[in-house]
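First up is the structure itself, then whatever we jot down about it.
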Amino acid sequence: LPAEPIRVVVTGAAGQIAYSLLYSIAKGDVFGKDQPIILILLDIPPMLPVLDGVVMELQDCALPLLREVIPTDKVEVGFKDIDAAILVGSMPRKEGMERKDLLKANVAIFKTQGAALDKYAKKTVKVLVVGNPANTNCLIASKSAPSIPKENFSCLTRLDHNRACSQVAMRCSVSSDNVKNVIIWGNHSSTQYPDVHHAKVNIQGSEVAAYDAVKDDAWFRGEFISTVQQRGAAVIKARKLSSAMSAAKAICDHMRDIWFGTKEGEFISMGVHAAGNPYGVPEDLIYSFPVQIKNKTWKIVDGLPINDFSQAKMDATAAELVEERDTAVDFLSQ
């Protein structure tokens, strides 16, 4: 029997990340090659004419899985009965803007979207927050949707994870599928901690610890970390636009892993609720952890030994998230 179509909403759907993302979703790269899809494209009213152009292009791709495309600026249409939500749209930081003002604007957006998810979406909906500050936006959306399980919310740190994988792979002159179990801890910001203490590199058929494969501890503790932390800024400097192609690919990886699970013996990074975590991270945060996924359910990888170097970096990014959360929660209650 042909599968029932699933309903997937993408917000900020007229933007450049969505432009790189929608084709992959509609083609079946994310939810499976035989899963029909109804795509809902949500954006703000001034972007509706642009959305019409995106709809035309999706039609012109003539994709067999794409049953319907619905452009809208209304949350009650956007979030109705959805199975998956990819929240890309957010208020970007303008030059000279205080981080506080950025948070305030985003709290308003994600409070509205959380409330709409609560009211209109399926209770089983999987929500991925991409728009920055992603961790805190995700927390606000989750707090604003009390009837949807906290576990159904995650934020994107897979781009950072992929960046870290790729840096290690290039350093070892192998392709990136030969690197596994790098970890991004904490915030999707420049305080994030890319950790390779548990990573493995497959070199000519045998698995070697990343530190042994690279044999350059100073690089791992210095340049490697700052390269991954600052990569977004480096892309903007070069391209005069922020990462779109790589962000879209990471979104696909993240959602596909939620839908189909992670490989045996491998873990990936995503921002999830810290409640009950085994690493002493404050509970009421969305924090990036190493996770394994099975039956659409994630579990934080337990029992990884953490040295003092790692602990200090994990604490620093947690401190930033606590501060962000407290500021955002203040705005939320106003």
I'd like to know whether the aromatic ring centres of F153 and H273 sit less than 6.0 Å apart in this structure.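 No, the ring of F153 stays outside the 6.0 Å limit from the ring of H273, centre to centre.
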Are the aromatic ring centres of W185 and Y279 under 6.0 angstrom apart?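 Yes, ring centres under 6.0 Å apart.
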side-chain contact (heavy atoms from CB on, under 4.5 Å) partner of V54, the single match among L22, V10, L39: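 Going through L22, V10, L39 one by one, the side-chain contact (heavy atoms from CB on, under 4.5 Å) with V54 is satisfied by L22 alone.
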Please say whether more than 12 non-hydrogen atoms of neighbouring residues, nucleotides or ligands are located less than 6.0 Å from [atom1] in [X].
{"X": "M170", "atom1": "CE", "answer": "yes"}
{"X": "E323", "atom1": "CD", "answer": "no"}
{"X": "K100", "atom1": "NZ", "answer": "no"}
{"X": "D308", "atom1": "CG", "answer": "no"}
{"X": "E76", "atom1": "CD", "answer": "yes"}
{"X": "E283", "atom1": "CD", "answer": "yes"}

Counting C-beta onward and ignoring hydrogens, is there a side-chain heavy-atom pair between [X] and [Y] closer than 4.5 Å?
{"X": "N162", "Y": "S246", "value": "no"}
{"X": "P133", "Y": "R99", "value": "yes"}
{"X": "T11", "Y": "F79", "value": "yes"}
{"X": "S90", "Y": "F110", "value": "yes"}
{"X": "Q113", "Y": "V127", "value": "no"}
{"X": "T157", "Y": "Q192", "value": "no"}
{"X": "P278", "Y": "I300", "value": "yes"}
{"X": "T136", "Y": "L321", "value": "yes"}

Starting at [atom1] of [X], measure out to [atom2] of [Y] and round the result to the nearest 0.5 Å.
{"X": "K299", "Y": "E151", "atom1": "NZ", "atom2": "CD", "value": "13.5 Å"}
{"X": "L128", "Y": "I251", "atom1": "CG", "atom2": "CD1", "value": "6.0 Å"}
{"X": "D29", "Y": "M255", "atom1": "CG", "atom2": "CE", "value": "14.0 Å"}
{"X": "D302", "Y": "Q292", "atom1": "CG", "atom2": "CD", "value": "10.5 Å"}

Charged N to carboxylate O below 4.0 Å: is that the case for D195 and K313?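 No, no charged N to carboxylate O under 4.0 Å.
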Between R163 and D160, does any NZ, NE, NH1 or NH2 come within less than 4.0 Å of an OD or OE carboxylate oxygen?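 Counted as a salt bridge, because a side-chain N and a carboxylate O are separated by less than 4.0 Å.
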T262 versus V291, closest heavy-atom pair with distance: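 The answer is CG2-O, 4.4 Å.
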Compare every heavy atom of P36 with every heavy atom of A3, then report the nearest pair and how far apart it is.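 Of all heavy-atom pairs spanning A3 and P36, the closest is O-CG, 3.3 Å.
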Give a yes-or-no answer on whether the side chains of [X] and [Y] include a donor-acceptor pair shorter than 3.5 Å.
{"X": "E320", "Y": "T191", "answer": "yes"}
{"X": "E324", "Y": "N135", "answer": "no"}
{"X": "N295", "Y": "T297", "answer": "no"}
{"X": "Q334", "Y": "D330", "answer": "no"}
{"X": "R256", "Y": "S24", "answer": "no"}
{"X": "D118", "Y": "S147", "answer": "yes"}
{"X": "S175", "Y": "N178", "answer": "yes"}

Kindly say whether [Y] contributes a backbone atom to a donor-acceptor pair with the side chain of [X] at under 3.5 angstrom?
{"X": "R7", "Y": "K80", "result": "yes"}
{"X": "K240", "Y": "K237", "result": "yes"}
{"X": "Y287", "Y": "T317", "result": "no"}
{"X": "Q35", "Y": "E4", "result": "yes"}
{"X": "H188", "Y": "R158", "result": "no"}
{"X": "W298", "Y": "I258", "result": "no"}
{"X": "T112", "Y": "A108", "result": "yes"}
{"X": "D43", "Y": "M47", "result": "no"}

Trace of the side chain to side chain contact (heavy atoms under 4.5 Å, CB included) decision for I38 with I70: CA-CA 8 Å; I38 295 168; I70 303 165; 3.9 Å; yes
Kindly write out the residues that satisfy side-chain contact (heavy atoms from CB on, under 4.5 Å) with S242, not counting sequence neighbours, or none if the list is empty.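 S242: side-chain contact (heavy atoms from CB on, under 4.5 Å) contacts with Q16, I236.
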Can you name the salt bridge (charged side-chain N to carboxylate O under 4.0 Å, His left out) partners of K249, sequence neighbours left out?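 D253.
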Relative to F309, does R221 satisfy both conditions: NZ or CZ under 6.0 angstrom from the six-membered ring centre, and within 45 degrees of the ring's axis?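 Checked: cation-pi criterion met.
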Pairs touching residues 4-52 that satisfy ring-ring contact (aromatic ring centres under 6.0 Å, His included), sequence neighbours left out: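 Matches after skipping sequence neighbours: F31-W259.
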